[in-house]
Amino acid sequence: MQTNNDTYDIVIIGGGPIGIACGLEAEKHGLSYVILEKGCLVNSLYYYPTNMTFFSTSEKLELDGIPFISTNPKPRKAEALEYYRRIATSNKMNIRLFEKVTEVKSDAEIKEVITTKASYKAKNVVVATGFYDIPNYINVQGEELPKVAHYYDDPHYYATQKTIVVGASNSAVDAALEIYRKGGDVTMIVRAEDIGPRVKYWVRPDIVNRIEEGSIKAYFNSSIKEIKENEVIVQTQDGEEHIENDFVLLLTGYRPNFEFLNKIGIALKDESKRIPMYDENTMETNIPGIYLAGVICGGMETHKWFIENSRIHAKLIVANIVG
């Protein structure tokens with residue numbers, strides 16, 4: 001393993017938009033930094049569905065006042081990848097990709113950040129790892145079958161197939177509509193009595209109308225009991241239903257890597273929602289010199305923080321470090 005002799009002012013864990021924002025803010029204040037990302041640049045965005053449209057308009061996704069020019073009222077995934085990539089390359093940002101952080105030793109004033117390739121010394125560490133890497137499992141028999149997926153990419157794969165979509169959030173609704181329009185036979189299984197309240201306002205009427213007209217079948221107040229090779233058993237209000245099936249998309253949300261936070265030593269201030277402990281004015285955790293940024297601050301409430309309202313974390317962190 002390579003050992004870096006330099007001591008960075010900040011080591012940033014996570015190369016998503018907020019990690020990049022922290023790097024830009026460090027540069028503005030003359031601080032040395034390195035961004036460590038376990039996958040590709042803006043890894044989570046890369047694995048979003050191919051046709052995904054952001055809820056936010058482009059100016060709300062901008063970093064450090066750098067204009068985000070989009071041809072659409074709300075930008076698409078490909079435009080966002082281009083925008084954040086150009087920021088990173090044009091500014092020659094110090095980013096190490098495909099390098100997973102495995103440990104942070106924080107028992108001294110100078111921290112040691114250990115990755116799969118090297119170790120780094122840091123006066124401060126920022127954890128900006130997001131939440132998209134670990135799905136919320138439903139823990140039923142058959143969830144491990146090859147026909148089951150917790151991520152959705154492109155509707156073409158499911159054309160002419162009988163696909164069950166579990167969930168009622170934006171990701172589930174987008175998948176159901178796209179697959180239906182590519183000729184798929186779609187059934188939605190929804191635990192609640194209606195489509196989720198945070199579904200994009202311009203999409204909600206579409207999914208409601210498709211369900212009401214019967215183009216997409218939906219079971220509300222229902223849950224999957226078992227997944228089999230050729231069918232899925234669903235527990236509904238009226239009893240068990242056996243539904244013939246080819247694929248299952250379990251789009252039931254994702255969660256931060258709490259095991260990693262616990263390993264570092266970051267405490268939780270709300271056990272039920274698993275919200276990590278940090279100072280809202282500085283973003284510093286219970287461990288001096290270790291900060292949180294981005295959606296990870298919300299614990300299980302992954303809908304609370306987005307790019308547009310967590311960009312400010314970079315300024316708060318760097319201001320506290322230089323102050």
Side-chain angles (χ1 to χ4, degrees), residues 48-49 51-53 55 131-132 134-255 272-274 298-304:
Y48 280 2
N51 301 318
M52 191 206 75
T53 300
F55 194 96
F131 73 102
Y132 196 58
I134 304 175
N136 291 324
Y137 296 100
I138 64 172
N139 299 315
V140 300
Q141 186 172 341
E143 189 170 5
E144 75 288 346
L145 289 173
K147 73 174 189 175
V148 179
H150 293 87
Y151 295 88
Y152 163 74
D153 182 25
D154 191 275
H156 174 82
Y157 188 80
Y158 303 97
T160 78
Q161 300 297 286
K162 293 179 172 62
T163 301
I164 283 179
V165 177
V166 180
S169 63
N170 281 300
S171 57
V173 168
D174 286 345
L177 288 170
E178 288 185 2
I179 293 169
Y180 154 69
R181 291 202 163 93
K182 296 300 181 184
D185 182 342
V186 181
T187 300
M188 296 186 73
I189 309 298
V190 181
R191 184 172 54 185
E193 61 184 15
D194 198 2
I195 295 299
R198 290 188 292 273
V199 167
K200 290 172 280 195
Y201 65 85
W202 67 91
V203 175
R204 187 179 184 85
D206 191 2
I207 189 64
V208 169
N209 289 335
R210 301 296 76 75
I211 291 172
E212 288 181 351
E213 73 185 15
S215 298
I216 293 175
K217 176 74 173 176
Y219 290 89
F220 293 103
N221 296 305
S222 302
S223 60
I224 287 187
K225 188 174 181 180
E226 184 179 351
I227 302 170
K228 296 186 174 183
E229 289 286 351
N230 300 308
E231 69 173 7
V232 171
I233 302 174
V234 178
Q235 186 66 50
T236 75
Q237 289 180 308
D238 301 319
E240 285 186 5
E241 290 275 355
H242 291 244
I243 303 174
E244 188 178 349
N245 171 255
D246 298 306
F247 292 102
V248 177
L249 283 171
L250 298 177
L251 304 180
T252 51
Y254 309 92
R255 63 181 180 86
S272 61
K273 298 176 182 177
R274 308 203 72 182
M300 290 300 293
E301 294 186 315
T302 54
H303 60 280
K304 288 292 182 71

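Positions are given from 1, in the same order as the sequence printed here. Please read these numbers as outputs of a predicted model, since none were measured by experiment. Heavy atoms only: backbone and side chains are in, while hydrogens, waters and symmetry mates are out.
The shortest side-chain heavy-atom distance between I216 and L177 falls under the 4.5 Å cut-off. You'll find the side chain of Y137 reaches within 4.5 Å of the side chain of H150, heavy atoms only. Looking at heavy atoms from C-beta onward, T302 lies out of side-chain contact with R255 at the 4.5 angstrom threshold. Two residues are said to be in side-chain contact when any heavy atoms from C-beta on lie closer than 4.5 Å; Y152 and D174 fail this criterion.
Between S222 and V234, the shortest heavy-atom distance links the atoms CB-CG1, 4.0 Å. Across V190 and A168, no two heavy atoms sit closer than the pair CG1-CB, 3.6 Å. Nearest heavy-atom pair across A176 and M188 is CB-SD, 3.8 Å. Residues K147 and E229 share a closest heavy-atom pair of NZ-O, 3.1 Å. Between V186 and Y180 the shortest heavy-atom distance is CG2-N, 3.6 Å.
Take K182 and apply the side chain to side chain contact (heavy atoms under 4.5 Å, CB included) test, not counting sequence neighbours, and it matches P155. By the side chain to side chain contact (heavy atoms under 4.5 Å, CB included) test, E193 pairs with N221, sequence neighbours left out.
We find that D206 and K200 are not joined by a salt bridge, their nearest charged nitrogen and carboxylate oxygen being 4.0 Å or further apart.
Here Y132 contributes atom OH and Y254 contributes atom OH; the two are 4.5 Å apart, rounded to the nearest 0.5 Å. In this structure, the separation between CG on L249 and OH on Y151 is 13.0 Å, given to the nearest 0.5 Å. Between atom CG of residue N230 and atom CG of residue D246 there is a gap of 8.0 Å, rounded to the nearest 0.5 Å. I227 contributes atom CD1, which lies 8.0 Å from atom CG of N245 (distance to the nearest 0.5 angstrom). With rounding to the nearest 0.5 angstrom, the CD atom of E178 is 9.5 Å from the CG atom of D153. Going from atom CG of L250 over to atom CG of N136 covers 11.0 Å, rounded to the nearest 0.5 Å.
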I211 vs I195, side-chain contact (heavy atoms from CB on, under 4.5 Å): CA-CA, chis, key distance, verdict: CA-CA 10 Å; I211 291 172; I195 295 299; 4.1 Å; yes
Apply side-chain contact (heavy atoms from CB on, under 4.5 Å) to the pair R181 and R210, showing each step before the final yes or no. CA-CA 11 Å; R181 291 202 163 93; R210 301 296 76 75; 3.8 Å; yes
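No donor-acceptor distance shorter than 3.5 angstrom exists from the side chain of E301 to the backbone of K273, with no hydrogens or angles considered.
Sequence neighbours left out, the pairs with a member in residues 156-169 that pass side-chain hydrogen bond (donor to acceptor under 3.5 Å, both in side chains) are S169-S171.
Within 6.0 Å of CD on Q141 lie no more than 12 heavy atoms contributed by other residues, nucleotides or ligands. When the shell of 6.0 Å around CZ of R204 is examined, it contains more than 12 heavy atoms from other residues, nucleotides or ligands.
For the side chain to side chain contact (heavy atoms under 4.5 Å, CB included) with K225, the lone residue among H242, E241, Q235 that qualifies is Q235.
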